[in-house]
Amino acid sequence: MTLAQILADFASAPVSRNDTMAQFVRFSLLDWASVGIAGRAEPVAQASRQLALAEGIEQATLFGGGKGSARTVAMANGAISHALDYDDTHFGYVGHPSVAIIPAVLAMAEREGVSGARFLDAITVGMEVVCRIGTWLGRTHYDAGFHQTGTSGAFGATAAAGRVLRLDAPAMAHALALTSTRAAGLKSQFGTMGKPLNAGFAAEVGVTSALLAAGGVTSALDAIEGVQGFGPTHAAAEDHAAFDGLGQEWLFPNVSYKFHACCHGLHAMLEALRTLNLSGPVTSVSIETHPRWLKVCNQPSPTTGLAAKFSYRLTAAMMLSGVDTAALESYTDEVCARPDLIALRDKVEVRGNDTLEDTEAHVTVVAGGQTHQARSNLMEVTDIARIGDRLNAKSTSLLGDALARDLRHDLSVLEEARDLSAFTARIATI
């Protein structure tokens with residue numbers, strides 16, 4: 001069987017979410033909706049919304065209100081929910097799953113008028129497929145310059161959208177194979193509006209491929225792994241162990257959530273710094289991280305708020321100076337230009353250490369003549385109740401008490417909801 005057929009068999013068959021998988025799907029849905037609503041006024045969000053509204057087709061709801069076709073709404077909502085770069089990350093393949101999967105599912109689910117239970121079911125399948133194909137593509141794919149949110153995300157979005165359409169296994173395989181010729185996303189877009197659009201494009205590709213397959217379009221079934229297929233032409237590691245246990249075990253619950261409003265590669269460092277109890281002026285800061293991140297979020301002297309989200313040196317200076325790295329308003333051009341932060345930024349040294357995990361950082365700070373050290377590994381945070389509490393607090397910080405409370409209520413009854421009208425009304429908040 002080809003990879004498209006293996007994934008299609010899983011994506012079209014009945015699945016049973018265990019409690020952990022179900023909980024993390026709910027966590028990610030809350031997180032996605034919160035950052036999407038909060039990001040609806042960003043420039044890339046406004047441009048994406050206008051493109052969707054201009055079609056005059058009313059099939060699905062946009063963040064911030066209004067409707068568009070399922071394809072353009074998936075694109076717009078994907079870009080909007082990634083505009084703040086504050087959404088979840090899966091380090092199994094280094095990608096943002098929710099911003100590619102949920103917009104595609106929501107757009108298709110609203111177009112088809114499905115229940116809350118079917119909506120959650122399709123998200124579950126899409127989240128697992130993106131993790132599996134992302135792991136198969138591996139770090140060689142990511143290190144070559146591809147943005148897995150856009151590439152792997154497109155395959156997960158296709159499986160999820162096809163699930164909503166109830167594609168059978170042969171049609172689902174053709175949809176996934178079609179996706180191989182359109183999945184795209186480059187890390188060169190980091191720090192620009194192109195990065196959130198990678199998520200939006202992935203969601204749109206998922207909807208388009210699923211609809212085409214539903215209409216009878218076929219494709220080369222070995223288009224993912226075959227000669228001149230997606231994997232061989234996109235530096236795939238081709239780790240076939242990525243599909244072990246598919247349908248019995250779940251990879252998605254290893255997802256990590258952001259509690260700082262910047263690139264996830266910076267979070268282990270920030271979590272380590274926040275544990276330090278310093279006294280006296282800081283004279284030096286040393287950060288050790290996996291070398292992979294040096295090409296992703298190591299902009300040494302950012303001048304814009306957007307670029308600041310990809311800077312070890314500046315975000316370290318922000319944390320050490322008491323600037324709230326969880327607050328959206330902390331990332332501005334003015335913050336980048338603050339003389340005190342620039343002076344502290346220039347005392348920060350960032351080094352690669354290939355003995356560290358992707359999710360780990362070590363910090364050494366000399367302050368007041370004393371040396372302080374700390375480490376953090378994001379994957380060591382496994383307390384589900386604590387994760388839930390921090391996500392609720394994040395949602396409240398982004399949306400305010402009333403809206404965050406209403407959103408949590410809508411999600412708590414979603415499993416039993418006959419349709420998605422209550423949830424989409426919340427998405428449409430102006």
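On a predicted model such as this, the values are computed, not experimentally measured, just so you know.
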Heavy-atom pair with the smallest gap, counting every atom of [X] and [Y]:
X: Ala374; Y: Leu276; answer: CB-CD2, 3.7 Å
X: Met21; Y: Thr124; answer: CE-O, 3.6 Å
X: Val363; Y: Ala272; answer: CG2-CB, 3.8 Å
X: Thr158; Y: Ala210; answer: O-CB, 4.2 Å
X: Ala144; Y: Ala235; answer: CB-CB, 3.7 Å

Residue pair [X] / [Y], side-chain donor-acceptor N/O under 3.5 Å:
X: Lys67; Y: Thr61; result: yes
X: Gln189; Y: Thr192; result: yes
X: Glu55; Y: Ser69; result: yes
X: Thr325; Y: Thr315; result: no
X: Asn377; Y: Thr359; result: yes
X: Thr72; Y: Glu204; result: no
X: Thr89; Y: Ser256; result: no

Side-chain contact test, heavy atoms from C-beta onward, threshold under 4.5 Å: evaluate it for [X] versus [Y] and give yes or no.
X: Ser284; Y: Glu349; value: no
X: Val164; Y: Val105; value: yes
X: Leu30; Y: Asn392; value: yes
X: Tyr312; Y: Thr289; value: yes
X: Ser34; Y: Lys394; value: no
X: Val94; Y: Trp293; value: yes
X: Phe252; Y: Pro97; value: yes

Next on the checklist: Walk me through whether Tyr331 and Cys262 qualify under side chain to side chain contact (heavy atoms under 4.5 Å, CB included).
Outcome noted: CA-CA 9 Å; Tyr331 299 84; Cys262 54; 3.7 Å; yes
Next on the checklist: Under the criterion side chain to side chain donor-acceptor pair (under 3.5 Å), I'd like the reasoning laid out for Gln370 against His372: C-alpha separation, chi angles, the key distance, then a yes or no.
Outcome noted: CA-CA 6 Å; Gln370 305 238 340; His372 306 262; 4.9 Å; no
Side-chain donor/acceptor of [X] to backbone N/O of [Y], under 3.5 Å:
X: Arg292; Y: Asp354; result: no
X: Glu225; Y: Leu3; result: yes
X: Lys347; Y: Val282; result: yes
X: Ser412; Y: His409; result: yes
X: Ser180; Y: Leu176; result: no
X: Arg40; Y: Thr429; result: yes
X: Gln373; Y: Thr364; result: no
X: His267; Y: Leu378; result: no
X: Ser152; Y: Thr149; result: no
X: Glu271; Y: Ala268; result: no

Aromatic contact, [X] with [Y] (centres under 6.0 Å):
X: His260; Y: Tyr86; value: no
X: His141; Y: Tyr93; value: no
X: Phe155; Y: Trp136; value: no

What's the separation between atom [atom1] in [X] and atom [atom2] in [Y], rounded to the nearest 0.5 Å?
X: Thr140; Y: Phe146; atom1: OG1; atom2: CZ; value: 10.0 Å
X: Phe24; Y: Asp19; atom1: CZ; atom2: CG; value: 12.0 Å
X: Leu414; Y: Leu120; atom1: CG; atom2: CG; value: 4.5 Å
X: Tyr257; Y: Arg390; atom1: OH; atom2: CZ; value: 13.5 Å
X: Lys295; Y: Asp143; atom1: NZ; atom2: CG; value: 6.5 Å
X: Leu344; Y: Ser321; atom1: CG; atom2: OG; value: 4.5 Å

Next on the checklist: Which label fits His240 and Phe243: parallel for a plane angle under 30°, tilted from 30 to 60°, or perpendicular past 60°?
Outcome noted: tilted
Checklist entry - Parallel, tilted or perpendicular: which describes the rings of Trp32 and Phe63, with under 30° parallel and over 60° perpendicular? => result tilted
Should the pair [X]-[Y] be classified as a salt bridge under the 4.0 Å nitrogen-to-oxygen rule?
X: Glu42; Y: Lys195; value: no
X: Lys258; Y: Asp88; value: no
X: Arg426; Y: Asp410; value: yes
X: Glu334; Y: Arg338; value: no

Checklist entry - Can Glu380 and Arg386 be said to form a salt bridge (Lys or Arg N to Asp or Glu O under 4.0 Å), step by step? => result CA-CA 12 Å; Glu380 293 176 358; Arg386 182 180 172 218; over 6 Å; no
Item to check | Derivation and outcome, side chain to side chain contact (heavy atoms under 4.5 Å, CB included), residues Leu266 and Lys309 | outcome: CA-CA 9 Å; Leu266 305 173; Lys309 295 182 178 186; 5.9 Å; no
Item to check | Audit row: Phe91, His264, ring pair (Phe, Tyr, Trp, His ring centres under 6.0 Å) steps and yes/no | outcome: CA-CA 9 Å; Phe91 288 102; His264 222 143; 5.1 Å; yes
Item to check | Stepwise side chain to side chain contact (heavy atoms under 4.5 Å, CB included) check, Ser286 with Val366 | outcome: CA-CA 9 Å; Ser286 175; Val366 179; over 6 Å; no
